[in-house]
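Sequential numbering from 1 along the given sequence is applied to the chain's residues. Note that ligands are numbered from 1 as they come in the structure, with each ligand's atoms numbered from 1 the same way. Please read all numbers here as calculations on a predicted model, not as lab measurements.
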Amino acid sequence: MTDQYTFDNPVTRYQQSAPAAEMQQAPPGVEERITPTPDLGADTYRGSGRLTGRKALITGGDSGIGGAVAIAFAREGADVAISYLPIEEADAENIVALIEAEGRTAIAIPGDVMDAAHCRDLVRKAVDGLGGLDILVNNAGKQIAVESLEDISDEQFDETYKTNVYAMFHITKAALPHLKPGSTIINCSSIQAYAPSPNLVDYASTKAAINNFSKGLSQQLAPKGIRVNVVAPGPIWTPLQATGGQPAKDLPTLGEDTPLGRVGQAAELAPAFVFLASPESSYVIGETLNVNGGIPSP
Ligand code: NAD
Ligand code: MG
């Protein structure tokens with residue numbers, strides 16, 4: 001069987017997955033209606049006990065990168081809670097079924113992370129459902145491309161910051177009292193944090209904020225035995241990109257300007273999160289793991 005350990009050429013590993021030319025749905029988008037179907041690793045991720053007995057909360061764990069991380073964590077032996085928007089119920093059910101197929105506990109928690117009260121409720125439900133918490137992945141995100149600053153609505157600016165930055169703050173704050181030494185926090189940033197596209201000024205600046213927040217918090221929490229790290233993806237084929245994250249005309253060539261010459265798949269992100277969640281990265285703190293097809297990064 002092909003899995004993440006199969007030795008092959010990364011240039012041609014996903015040759016068949018050229019994204020389609022049109023924006024496919026309104027955000028946040030349901031994964032099963034994105035074509036070609038993103039690879040979350042359901043048929044390819046092989047676990048080896050690296051997170052046995054761990055308890056993880058993954059925001060935006062219904063689809064894309066968060067969905068791939070949820071599958072991988074379950075296959076590595078973790079129980080997993082996922083958060084998502086109510087409209088994404090079908091995607092969430094798919095991921096829950098995959099987690100349960102591994103014999104692990106799955107907790108599905110719908111709601112809007114722009115709401116601080118929901119963020120606190122989300123952590124409480126995850127802790128109650130899992131019987132504790134020792135991995136937090138802040139992955140939920142909003143990205144809408146707009147050519148000119150004058151056309152970014154006040155609402156979009158607000159929502160992008162609330163989803164990408166405020167939710168990370170509220171969820172992390174609520175989770176901290178539950179995190180014992182050895183626990184890990186992984187925040188999802190982006191190549192956009194240091195190489196902002198001109199049509200993503202609101203989004204890209206939230207990702208710079210996530211990087212900075214993580215570097216500061218990682219130093220604050222290291223003495224307590226809690227490690228904070230970041231994964232910074234490059235262009236990845238997920239619902240976020242196909243629902244306004246890029247102008248529709250740019251979708252077919254998404255990722256072609258990376259040194260690898262292609263868009264990445266969510267399944268290719270999951271091992272980075274597994275590494276940073278696991279004790280095998282015990283001396284790795286405040287690090288940003290770039291998974292971006294080779295785009296130079298600081
Ligand atoms: P995705 O659409 O599959 O995942 C984003 C998830 O965020 C959604 O599934 C949704 O559940 C959640 N979300 C959004 N708004 C929410 C809200 N108000 N309340 C609750 N949940 C909400 O897309 P993805 O690309 O896998 O995105 C995951 C993360 O990866 C995001 O932080 C994104 O910024 C980051 N990222 C993606 C790319 C890329 O090219 N796809 C590149 C760099 C970084
Ligand atoms: Mg989704």
Can you sort out which atoms of ligand 1 are near [X], meaning under 4.0 Å from one of its heavy atoms?
X	value
Asn139	28 (C), 29 (C), 30 (O), 31 (C), 32 (O)
Gly64	3 (O), 26 (O)
Gly111	19 (N), 20 (C)
Gly234	38 (C), 39 (C), 40 (O), 42 (C), 43 (C)
Pro239	2 (O), 3 (O)
Cys188	29 (C), 30 (O), 35 (C)
Leu85	11 (O), 15 (N), 16 (C), 17 (C), 18 (N), 19 (N), 20 (C), 21 (N), 22 (C)
Pro233	42 (C), 43 (C), 44 (C)

Can you tell which part of [X] has a heavy atom less than 4.0 Å from ligand 1: side chain, backbone, both or neither?
X	value
Thr238	side chain
Asp112	both
Pro235	backbone
Lys142	neither

Looking at non-hydrogen atoms alone, which of [options] comes nearest to [atom]?
atom	options	answer
atom 43 (C) of ligand 1	Pro28, Ser190, Gly255	Ser190
atom 40 (O) of ligand 1	Gln241, Lys162, Met114, Gln192	Gln241
atom 1 (P) of ligand 1	Ala140, Ser63, Gly29	Ser63

Within the structure, is a non-hydrogen atom of [X] found at a distance of less than 4.0 Å from ligand 1?
X	result
Glu88	yes
Lys207	yes
Ser189	yes
Tyr203	yes
Ala266	no

Distance-only donor-acceptor check, side chains [X] and [Y], under 3.5 Å:
X	Y	result
Asp3	Thr44	no
Ser281	Arg227	yes
Ser197	Tyr203	no
Asn229	Ser218	no
Ser297	Asn290	yes
Tyr14	Asp39	yes

Contact flag Asp91/the Mg ion (ligand 2), N/O/S atoms, threshold under 2.8 Å =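 Under 2.8 Å: Asp91 has no N, O or S contact with the Mg ion (ligand 2).
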
The Mg ion (ligand 2) to Thr238: any N/O/S contact under 2.8 Å?
->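 Checking Thr238: none of its N, O or S atoms is under 2.8 Å.
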
Are any of the N/O atoms on [X], whether in the backbone or the side chain, positioned under 3.5 angstrom from an N/O atom of ligand 1?
X	result
Ile65	yes
Asp62	yes
Ile236	yes
Gly66	no
Ile191	no

Using modelled atom types and a 3.5 Å cut-off, is there a donor and acceptor pairing between side-chain atoms of [X] and backbone atoms of [Y]?
X	Y	value
Ser153	Gln156	yes
Gln241	Leu251	no
Gln192	Ala204	no
Lys215	Gly286	yes

Side chain to side chain donor-acceptor pair (under 3.5 Å) between Thr59 and Asn139, intermediate numbers included | CA-CA 5 Å; Thr59 66; Asn139 164 78; 5.3 Å; no

Note the single closest protein heavy atom to [atom], along with its residue, its atom name and the distance in Å.
atom	result
atom 6 (C) of ligand 1	Gly60 CA, 3.8 Å
atom 14 (C) of ligand 1	Gly141 O, 3.4 Å
atom 23 (O) of ligand 1	Leu240 CB, 3.1 Å
atom 15 (N) of ligand 1	Thr163 CG2, 3.5 Å
atom 19 (N) of ligand 1	Val113 N, 2.9 Å

If you draw a 6.0 Å radius around OH in Tyr5, do more than 12 non-hydrogen atoms from other residues or ligands fall strictly inside?
->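 Counting neighbours around OH of Tyr5, more than 12 heavy atoms of other residues, nucleotides or ligands fall under 6.0 Å, so yes.
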
Hey, is OH on Tyr194 packed in by over 12 heavy atoms from elsewhere, all under 6.0 Å?
->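 Yes - once you tally the heavy atoms of other residues, nucleotides and ligands closer than 6.0 Å, there are more than 12.
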
Compute the angle centred on the Mg ion (ligand 2) spanning OE2 of Glu88 and OD2 of Asp62, and express it rounded to 10 degrees.
->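 Rounding to the nearest 10 degrees gives 90°.
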
Asp134: which of Lys180, Lys55, Arg54, His178 passes side-chain hydrogen bond (donor to acceptor under 3.5 Å, both in side chains) |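 It is Arg54, the one option of Lys180, Lys55, Arg54, His178 that forms the side-chain hydrogen bond (donor to acceptor under 3.5 Å, both in side chains) with Asp134.
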
When you check the gap from the basic side-chain N to the acidic O, do [X] and [Y] get nearer than 4.0 Å?
X	Y	value
Glu280	Arg50	yes
Glu147	Lys249	no
Asp128	Lys125	no

Minimum heavy-atom distance Leu85-Pro28, with the two atoms named =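 What the structure gives for the nearest pair is CD1-CG, 3.8 Å.
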
Minimum heavy-atom distance between Ala175 and Leu133, given as atom pair plus value |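 Reported closest heavy-atom pair: CB-CD2, 3.9 Å.
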
